[in-house]
Amino acid sequence: KAAAASSADGNDNGTSAPKNISICRFLVTDLQAGQGGYAKNNYRIDLDKSKAGLYDIVSLIYDTLRKENLTYDSIYSHLWSLQFSGTSYRNGWRRQMAPDSDEYDRPPNTSDLDEGERRQLNGLAKPIVNGQRGQCSGQSAQFEFVVENADMEVEVDPNNDSSVYTRITAVPIQLSTKVETDWITSDE
């Protein structure tokens, strides 16, 4: 009876069933860190479509570049821009009123991309589709990305206190040594 009563009132004593969320999976390639050179890996990024945005892709890449010792810069060190879905976004044009404040000197316009205006994935003007490409360029980092899966369901632990589902995994870069015969022409 006690078990039935606890489930009836919604109290499950921390043993909630896993829940599904919708994520978007990106593959980041051609990652170059200003003067630091190229990253040794490509990266696969999974983001919760309802809570994460385009800003989070750039933020995760800057964190990764620092971990790989390819840059000492942070996402705030230089201006950068991101092109995606026919729109060009820019960072650094709005200023926070105080550190760690949610207030900015002006409201965002259509091209602003910053911590206060993340451009949430499920709220973009055009829906994200598989195969869609984007590019980020700036003084301290440049990379390209492609949408591998625009609407992927994953199971998450409802007791996990993480506010946003984000995953980044290294994908080894594979170079082919195969010679294609149609690339070779004879002198005849």
Side-chain angles (χ1 to χ4, degrees), residues 21-126 128 132-150 160-173:
I21 61 168
S22 181
I23 67 163
C24 189
R25 174 170 282 173
F26 299 91
L27 178 65
V28 175
T29 60
D30 300 324
L31 177 55
Q32 182 181 7
Q35 303 300 322
Y38 284 90
K40 295 176 184 161
N41 294 300
N42 291 326
Y43 290 91
R44 186 163 283 126
I45 297 176
D46 295 344
L47 295 172
D48 182 338
K49 289 175 67 171
S50 68
K51 296 180 181 177
L54 295 174
Y55 177 86
D56 298 294
I57 296 170
V58 181
S59 180
L60 285 167
I61 292 300
Y62 269 92
D63 290 346
T64 301
L65 290 172
R66 282 195 309 277
K67 288 176 188 172
E68 286 193 9
N69 294 319
L70 290 172
T71 187
Y72 296 109
D73 292 337
S74 74
I75 194 168
Y76 308 109
S77 298
H78 303 285
L79 296 178
W80 47 266
S81 64
L82 185 134
Q83 286 77 38
F84 185 70
S85 188
T87 303
S88 183
Y89 300 98
R90 304 173 304 174
N91 85 314
W93 301 100
R94 296 191 320 149
R95 302 283 179 235
Q96 283 181 305
M97 300 302 278
D100 298 323
S101 167
D102 290 338
E103 295 182 41
Y104 287 80
D105 62 348
R106 64 173 176 76
N109 65 31
T110 57
S111 65
D112 286 322
L113 183 65
D114 53 44
E115 197 169 19
E117 183 52 68
R118 300 183 110 74
R119 301 295 170 186
Q120 202 165 318
L121 297 175
N122 68 353
L124 296 174
K126 297 177 188 173
I128 296 175
Q132 204 167 8
R133 296 188 172 279
Q135 180 180 21
C136 179
S137 57
Q139 184 175 346
S140 55
Q142 298 177 45
F143 61 89
E144 295 180 5
F145 61 97
V146 63
V147 177
E148 282 191 327
N149 195 327
N160 182 351
D161 59 355
S162 174
S163 59
V164 178
Y165 178 89
T166 58
R167 298 288 183 269
I168 184 166
T169 54
V171 178
I173 297 172

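Starting from 1, each residue takes its place in the sequence as its number. Side chains are part of it too, since the values below use all heavy atoms of this structure and drop only hydrogens, waters and symmetry mates.
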* Who are the side chain to side chain donor-acceptor pair (under 3.5 Å) partners of D114, not counting sequence neighbours? -> R94
* Locate the shortest heavy-atom distance separating Y55 from E115; write the atom from each residue and the value. => CE1-N, 3.5 Å
* Can any side-chain N or O of S101 pair as donor or acceptor with the backbone N or O of E103 at less than 3.5 Å? -> yes
* **Q135 CD: over 12 foreign heavy atoms closer than 6.0 Å** => yes
* Closest heavy-atom contact between N122 and S50? -> ND2-CA, 3.4 Å
* Asked: Are R118 and L54 close enough that some pair of their side-chain heavy atoms sits under 4.5 Å apart?
  -> no
* If every non-hydrogen atom of R66 is compared with every non-hydrogen atom of S74, which pair is closest and at what distance? -> NH1-CA, 3.3 Å
* To do: For Q142 and S137, test the side chains for any donor-to-acceptor distance below 3.5 angstrom and give the result as yes or no.
  => no
* **Spatial distance of atom CG (L121) from atom CD1 (I57) [nearest 0.5 Å]** => 6.0 Å
Let me have the donor-acceptor pairs involving side chains of residues 22-33, under 3.5 Å, with sequence neighbours excluded, atom names and distances please.
from : atom 1 : to   : atom 2 : distance (Å)
S22  : OG     : D151 : OD1    : 2.5
R25  : NE     : D46  : OD1    : 2.7
R25  : NH2    : D46  : OD2    : 2.8
Q32  : OE1    : Y38  : OH     : 3.4

* So, for W80 and I75, which heavy atoms are closest and what is the spacing to 0.1 Å? -> NE1-O, 3.1 Å
* Does L47 reach the side chain of L60, with side-chain heavy atoms less than 4.5 Å apart? -> yes
* Structure fact -> CD1 (I168) and OG (S59) are apart, to the nearest 0.5 Å, by 10.0 Å
* **Rounded distance (nearest 0.5 Å) linking atom CZ of R90 with atom CG of L113** => 11.0 Å
* **D102 side, atom CG; M97 side, atom CE - distance, nearest 0.5 Å** => 12.5 Å
* To do: Would you check if R106 and D112 make a side-chain contact, meaning some heavy-atom pair closer than 4.5 Å?
  => yes
* Work out which heavy atom in R119 is nearest to a heavy atom in N109; give both atom names and the distance. => NH2-O, 2.5 Å
* What pair of heavy atoms forms the shortest contact from D73 to S140, and how long is it? -> OD2-CB, 2.8 Å
* Roughly how far, to the nearest 0.5 Å, is CG of D48 from CZ of R167? -> 10.5 Å
* To do: Compare all side-chain heavy atoms of V58 with those of F143 and state whether any distance is below 4.5 angstrom.
  => yes
* Asked: Who passes ring pair (Phe, Tyr, Trp, His ring centres under 6.0 Å) against F84, sequence neighbours left out?
  -> F145
* Gap between atom CG of L124 and atom NZ of K49 - 0.5 Å precision -> 9.5 Å
